[in-house]
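Here the structure is a predicted model, which is why all the values come from computation and not from measurement.
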There are 2 protein chains.
Amino acid sequence: MPPPRRTTLKDLARELGVSTATVSNAFNRPDQLSPRLRERILGEAKRLGYRGPDAKARSLRTGRSRIIAVILAESLTYSINDAVASELLSGIAEVLDAHGHTLLLLSGRQHISQAPGSSSIADGFIAYGLMPPSLMVSADLPAQRPLVAVDFSPAGYPTVHIDNEPSSYRVARHALSTPARQVAIVSLRLTEAPCNGRITAEHELLPAERSITRSRLAGFHQALEERGLAPEDVPMWNIEENTYEVCAPVIEEILDLPDAERPDLLLCMSDRIALTALTLAEQRGLRVPEDLRLTGFDGIAEGQYRAPRLTTVRQDSVEKGRMAARMILGLAPSESTLLHTELVIGETCP
Amino acid sequence: MPPPRRTTLKDLARELGVSTATVSNAFNRPDQLSPRLRERILGEAKRLGYRGPDAKARSLRTGRSRIIAVILAESLTYSINDAVASELLSGIAEVLDAHGHTLLLLSGRQHISQAPGSSSIADGFIAYGLMPPSLMVSADLPAQRPLVAVDFSPAGYPTVHIDNEPSSYRVARHALSTPARQVAIVSLRLTEAPCNGRITAEHELLPAERSITRSRLAGFHQALEERGLAPEDVPMWNIEENTYEVCAPVIEEILDLPDAERPDLLLCMSDRIALTALTLAEQRGLRVPEDLRLTGFDGIAEGQYRAPRLTTVRQDSVEKGRMAARMILGLAPSESTLLHTELVIGETCP
DNA sequence: TTGTAGGCGTTATCAT
DNA sequence: ATGATAACGCCTACAA
């Protein structure tokens with residue numbers, strides 16, 4: 001008994017007494033073939049359980065796989081659960097789907113360590129992140145294949161961004177139009193070395209050019225200065241990961257300060273942070289916005305469906321994903337793109 | 001000037017004056033090589049910009065790609081945003097990641113139509129869904145490759161399920177322990193033909209064996225009968241897609257019934273449905289649970305972080321994903337598995 | 001309209 | 001420890 005080898009195009013050709021080229025054409029170029037013969041081939045294929053050309057061999061031969069890889073700075077587990085990242089993925093998936101491509105998910109860490117070069121199946125890459133600095137080195141990015149970066153800026157690649165600085169400026173200006181006794185900033189991934197807590201003079205910040213959080217900070221600072229507040233006098237706390245669990249202890253540290261020191265306005269760099277602050281403030285009986293005003297950034301649904309709604313800046317992450325996908329598929333010119341945002345005034349900072 | 005061909009293993013071998021086999025071993029089997037030579041090869045590789053063996057060629061040769069495909073019944077866009085599906089993906093991603101595999105996302109529709117056989121790169125498949133009936137035909141499922149089905153049961157494949165019927169029985173029994181004037185059921189994808197609204201006698205239901213919604217319905221019915229209620233007397237509405245947008249019109253139809261007919265207990269087949277009902281009830285000034293009691297199914301976070309919290313059945317979708325991934329990687333025996341759930345009593349139905 | 005044959009970049013088997 | 005060589009399954013000039 002012969003070993004149960006998968007039937008191949010060649011088997012099919014032999015069985016039918018035609019050449020492999022003809023069978024190949026039956027699948028890939030219907031016009032190169034008499035309809036009758038094509039019918040016969042497809043019929044026999046089904047009979048023999050031949051499912052069409054093998055993707056591995058085909059991609060080796062043609063050099064293309066119809067797979068686009070998304071390199072996520074964070075772990076897949078995190079990214080799938082994060083509202084902003086998953087909206088981005090939605091947008092990407094929507095466009096890829098519509099053009100017969102599929103989506104391979106890679107996490108930044110794995111990409112470099114575990115699967116060295118294993119990502120070379122993909123026809124193109126979309127990199128998303130607050131990427132860890134190591135990944136910014138172009139040496140770690142795929143060679144010879146198109147890459148679009150979203151929300152960070154590796155040198156030499158097209159990017160998709162929102163206008164972070166003007167956006168955070170606008171929300172901060174709105175917040176500061178009502179005087180505050182004590183302002184504080186809660187930032188996301190702003191320090192060079194990991195720091196989940198208060199930022200002091202010792203902490204070195206990420207390079208200004210490369211991180212969207214530095215841009216958002218610049219917007220905050222501009223608004224502060226316009227109000228005559230010195231940025232140095234505004235305390236900052238940093239969050240290492242945009243999740244409730246990581247956020248909560250830092251927010252607690254802030255809310256549990258003595259009354260005189262406790263901020264009454266928190267400028268947060270993400271909605272997740274602001275929502276965490278909202279939950280913890282409510283637990284402590286602090287009234288929002290009377291005792292504590294809050295602003296976020298992102299405009300995720302969760303912040304708008306609840307009461308009070310978040311004052312924030314809405315970015316269209318789905319569209320960001322669509323843009324990146326179109327660029328990588330060559331449906332849009334690969335020119336760095338800047339999307340705009342919308343100020344959303346909710347009840348947390350009217 | 002020669003065309004800028006990507007450097008290959010063979011180039012590298014020629015450059016170094018060693019055989020391709022040796023170079024290959026330098027990357028794949030360090031122990032088959034003197035460390036000195038290996039160093040030299042790796043060094044030269046870096047110098048020439050060779051990123052390691054090409055994944056396409058490697059997978060053709062070895063037959064394995066370290067890619068696992070997830071076939072999602074719904075569109076990717078929907079699945080990524082749905083809490084249950086994305087938790088499942090988290091669990092899958094977690095295990096795959098830990099074992100050096102990557103995740104290819106396929107949508108059910110695309111799988112069969114657009115990308116015929118293009119999925120044959122994957123080493124294995126995890127199919128998730130309320131799959132459209134057409135996909136249940138084994139002819140459309142990948143041949144010769146392991147497949148694990150989650151939340152549906154194609155004949156002949158191992159599955160991962162929760163105990164739907166006992167779970168819905170438990171939550172319904174709890175709800176019915178307080179007498180209700182008028183009970184109604186809001187189901188999800190229960191009818192053979194699409195139906196977003198009231199289910200009447202004319203509607204044919206999906207086959208009982210194959211759909212988790214039929215199982216959940218059976219649990220509801222059992223609890224009703226135990227209370228002396230005839231299932232025929234309990235009106236049912238059906239929802240076609242588990243999103244707020246699709247849900248809302250149906251729920252509105254229910255809530256806007258004349259007071260005498262309006263149900264005061266809604267047994268919902270998903271938390272999303274129950275949350276939609278909650279939102280719309282609040283908008284109408286209906287008090288929950290005084291005027292309307294609600295139960296859900298799934299136990300998603302959104303239902304537990306709000307007030308009132310949902311009474312529901314919590315399933316561990318992350319663990320479901322982990323199980324499926326372990327099975328597909330051969331880390332767990334490929335035996336159909338049944339996970340259990342936990343009754344969660346919130347304020348929507350105390 | 002159909003057939004022939006070379007090669008895509010690797011890895012496994014067998015020698016040496 | 002290292003080298004030669006034959007597949008892996010397919011596509012595509014080119015020839016017939």
*So which one's nearest nucleotide on DNA chain C is more toward 5', A:Q32 or A:T62?*
A:Q32
*Does A:Y50 put a side-chain nitrogen or oxygen below 4.0 Å from OP1 or OP2 of D:dG9?*
no
*Compute the centroid of each ring, for A:F27 and then for A:Y50, and state whether the two points are separated by less than 6.0 Å.*
yes
*asked:* Mind checking if B:L60 touches a base, just sugar-phosphate, or nothing, with heavy atoms under 4.0 Å?
replied: base
*Rounded to the nearest angstrom, tell me the gap between atom CG in A:L12 and atom C1' in D:dG9.*
13 Å
*Within the structure, does a side-chain N or O atom of A:S19 lie under 4.0 Å from either OP1 or OP2 of C:dG3?*
yes
*asked:* Let me spell it out: for each of B:V18 and B:A57, pick the nucleotide of DNA chain D with the closest heavy atom. Which residue's pick is nearer the 5' end?
replied: B:V18
_If you assign each of A:R61 and B:S34 to its closest nucleotide in DNA chain D, which residue comes earlier from the 5' end?_
B:S34
*Grab the CD1-C1' distance between A:I41 and C:dG3 for me, whole Å please.*
12 Å
*Kindly compute the distance separating OG (B:S65) from CG (B:D123), expressed to the nearest 0.5 Å.*
3.5 Å
*side chain to side chain contact (heavy atoms under 4.5 Å, CB included) assessment of A:E44 paired with A:L12*: CA-CA 8 Å; A:E44 184 71 1; A:L12 188 51; 3.7 Å; yes
*Starting from P on C:dT10, measure out to CZ on B:R64 and report it in whole angstrom.*
17 Å
*Counting side-chain heavy atoms from C-beta on, which of C:dT2, C:dA5, C:dG9 comes nearest to A:T22?*
C:dT2
*Is there a side-chain polar atom (N or O) of B:N25 under 4.0 Å from OP1 or OP2 of D:dT2?*
no
*asked:* Could you tell me how far apart B:L37 (CG) and D:dG3 (C1') are, to the nearest whole angstrom?
replied: 12 Å
_Can you measure B:N28 atom CG to D:dT2 atom P for me and round it to whole angstrom units?_
16 Å
*May I ask you to decide whether A:E39 forms a salt bridge with A:R36, counting only side-chain N to carboxylate O separations under 4.0 Å?*
no
_Tell me whether the side-chain N/O atoms of B:R58 come closer than 4.0 Å to OP1 or OP2 in C:dT11._
yes
*Go through the side-chain N and O atoms of A:S336 and A:T159 and say whether any donor and acceptor fall under 3.5 Å apart.*
yes
*Looking at every strand, decide which applies to B:S59 at a 4.0 Å heavy-atom threshold: base, sugar-phosphate, or nothing.*
nothing
*For DNA chain C, whose closest nucleotide is more 5', that of A:A21 or that of B:R29?*
A:A21
*Figure out the CG/C1' separation between B:D31 and D:dT2, and round it to whole Å.*
14 Å
*Whole Å only: how far is the NZ atom of B:K10 from the C1' atom of C:dG7?*
8 Å
*Do the side-chain N or O atoms of B:S24 get closer than 4.0 angstrom to the phosphate oxygens (OP1, OP2) of C:dT10?*
no
*Nearest whole angstrom, please: distance from the P of C:dC8 to the CG of B:D54.*
12 Å
